[in-house]
Amino acid sequence: MTDILLEICVDSAEGLAAAIAGGADRIELCSALELGGLTPSPGLIRQAALAPIPVYAMVRPRPGDFIFGQADLDVMLAEIDIIREAGLAGVVLGASRAGGALDETVLRQLATHAAGLGTTLHRAVDLVPDFDIAVDLAADLGFERILTSGGARHAVEGMDTIAAMIARAAGRVAIMAGSGVRPGNVGVLLDRLSLTQVHASCSAPARAADVAAVRLGFADPAGKETSAEIVAELKRALRR
């Protein structure tokens with residue numbers, strides 16, 4: 001029986017605890033998952049440093065695209081310093097040029113600055129026009145893994161591209177499938193792809209938000225939160 005490594009993305013202390021309780025093997029730590037994930041707060045980073053499993057923190061200073069100018073880059077370099085000083089295992093990075101290709105110049109600066117930390121290339125890769133070039137660049141820059149949906153909304157829709165990425169990587173960099181991965185569909189991915197790790201949020205509807213907080217725009221009535229039960233269910237589904 002082979003266990004596939006399960007990474008769970010979380011954006012709160014409660015989500016962190018739920019992911020660990022459910023059996024996650026690694027954490028991607030963010031803020032604002034509803035925006036695709038931003039750099040977590042220093043307080044959450046410090047709390048996550050106490051986790052019994054590896055934690056990789058997102059380095060993304062603002063929502064929107066992944067085209068970063070010098071001001072953005074300066075912020076990201078400082079965020080890497082904070083993550084390193086807190087003692088987390090690694091960082092999650094990505095940067096694009098207009099048109100979607102990876103920005104080699106920015107990525108090289110970020111990866112160099114993160115020396116000594118583990119590195120994941122995030123789903124900025126799903127915007128690229130040529131996945132072979134992206135995989136080669138990630139390997140050349142020393143990334144440990146690429147998180148991808150194969151350029152599709154959900155990983156199950158991008159399996160052909162993910163399979164081609166795995167073949168192109170040839171063991172130089174791991175390919176981790178993510179986006180829309182749930183206990184009910186992960187078997188489809190495992191049947192089609194030679195995966196060693198998957199990425200998921202394992203979210204469920206959050207407890208009812210305070211009515212006044214919703215009225216004033218402080219809370220989302222349709223919010224979600226990490227479910228330890230779904231994490232555990234997905235972890236069981238990965239044992240083959």
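Just so you know, these numbers use all the heavy atoms, side chains as well, and skip hydrogens, waters and symmetry mates.
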Please round to the nearest 0.5 Å and tell me the distance separating atom [atom1] of [X] and atom [atom2] of [Y].
{"X": "I175", "Y": "F131", "atom1": "CD1", "atom2": "CZ", "value": "10.5 Å"}
{"X": "L33", "Y": "M58", "atom1": "CG", "atom2": "CE", "value": "8.5 Å"}
{"X": "E85", "Y": "I80", "atom1": "CD", "atom2": "CD1", "value": "12.0 Å"}
{"X": "K224", "Y": "S203", "atom1": "NZ", "atom2": "OG", "value": "4.5 Å"}
{"X": "E233", "Y": "C202", "atom1": "CD", "atom2": "SG", "value": "9.0 Å"}
{"X": "M176", "Y": "I166", "atom1": "CE", "atom2": "CD1", "value": "12.0 Å"}

I'd like to know if [Y] and [X] are part of one continuous hydrophobic network [Ile/Leu/Val/Met/Phe/Trp/Tyr, side-chain heavy atoms within less than 4.5 Å].
{"X": "V128", "Y": "F68", "value": "yes"}
{"X": "I83", "Y": "M76", "value": "yes"}
{"X": "V92", "Y": "I8", "value": "no"}
{"X": "L77", "Y": "V59", "value": "yes"}
{"X": "L110", "Y": "L38", "value": "no"}

>> With side chain to side chain contact (heavy atoms under 4.5 Å, CB included) as the criterion, how do E14 and E225 come out once you've worked through the C-alpha distance, each side chain's angles and the decisive distance to 0.1 Å?
In response: CA-CA 8 Å; E14 292 82 2; E225 61 188 10; 6.0 Å; no

Within the 4.5 Å heavy-atom criterion, are [X] and [Y] side-chain neighbours or not?
{"X": "L16", "Y": "T226", "value": "no"}
{"X": "M159", "Y": "V188", "value": "yes"}
{"X": "I4", "Y": "T196", "value": "no"}
{"X": "D72", "Y": "R62", "value": "yes"}
{"X": "L73", "Y": "Q109", "value": "yes"}
{"X": "T148", "Y": "M165", "value": "yes"}
{"X": "E104", "Y": "D140", "value": "no"}
{"X": "L121", "Y": "L93", "value": "no"}

>> A cation-pi test, strictly: NZ or CZ of R145 under 6.0 Å from the centre of the six-membered ring of Y56 and no more than 45 degrees from its axis. Yes or no?
In response: yes

If I compare all heavy atoms of [X] with all of [Y], which pair ends up nearest, and what's the gap?
{"X": "A237", "Y": "L190", "result": "O-CD1, 4.0 Å"}
{"X": "K235", "Y": "G22", "result": "CB-O, 4.4 Å"}
{"X": "A51", "Y": "I20", "result": "CB-CD1, 3.8 Å"}
{"X": "I53", "Y": "A24", "result": "CD1-O, 3.4 Å"}
{"X": "T119", "Y": "A114", "result": "CG2-CB, 4.3 Å"}
{"X": "R123", "Y": "S149", "result": "NH2-OG, 2.9 Å"}

Main-chain N/O of [Y] paired with [X] side-chain donor or acceptor, under 3.5 Å:
{"X": "R84", "Y": "A115", "result": "yes"}
{"X": "D25", "Y": "L5", "result": "no"}
{"X": "R192", "Y": "L189", "result": "no"}

What I want to check is whether the side chains of [X] and [Y] have a donor and an acceptor closer together than 3.5 Å.
{"X": "D11", "Y": "S31", "value": "no"}
{"X": "E79", "Y": "T39", "value": "yes"}
{"X": "R153", "Y": "S179", "value": "no"}

>> Please determine whether side chain to side chain donor-acceptor pair (under 3.5 Å) holds for the pair H154 and N185, giving the CA-CA distance in whole Å, both sets of side-chain angles, and the decisive distance to 0.1 Å.
In response: CA-CA 11 Å; H154 296 134; N185 66 15; over 6 Å; no

>> Assess the residue pair L6 and R26 against the criterion (side chain to side chain contact (heavy atoms under 4.5 Å, CB included)); give the C-alpha distance rounded to whole Å, side-chain angles, the decisive distance to 0.1 Å, and a yes or no.
In response: CA-CA 6 Å; L6 176 59; R26 187 173 61 231; over 6 Å; no

> Between D103 and R108, is there a salt bridge with N-O shorter than 4.0 Å?
Replying inline: no

> Is D132 salt-bridged to R168, cutoff N-O under 4.0 Å?
Replying inline: yes

>> Can you tell me if R46 has over 12 outside heavy atoms packed within less than 6.0 Å of its CZ?
In response: no

>> Checking H113 against D81 for the side chain to side chain contact (heavy atoms under 4.5 Å, CB included) test, could you report, in this order, the C-alpha distance in whole Å, the side-chain angles of both residues, the deciding distance, and whether it holds?
In response: CA-CA 8 Å; H113 197 74; D81 290 338; 2.8 Å; yes

>> side chain to side chain contact (heavy atoms under 4.5 Å, CB included), that's the test. Do T120 and V91 meet it? Break it down for me.
In response: CA-CA 6 Å; T120 299; V91 290; over 6 Å; no

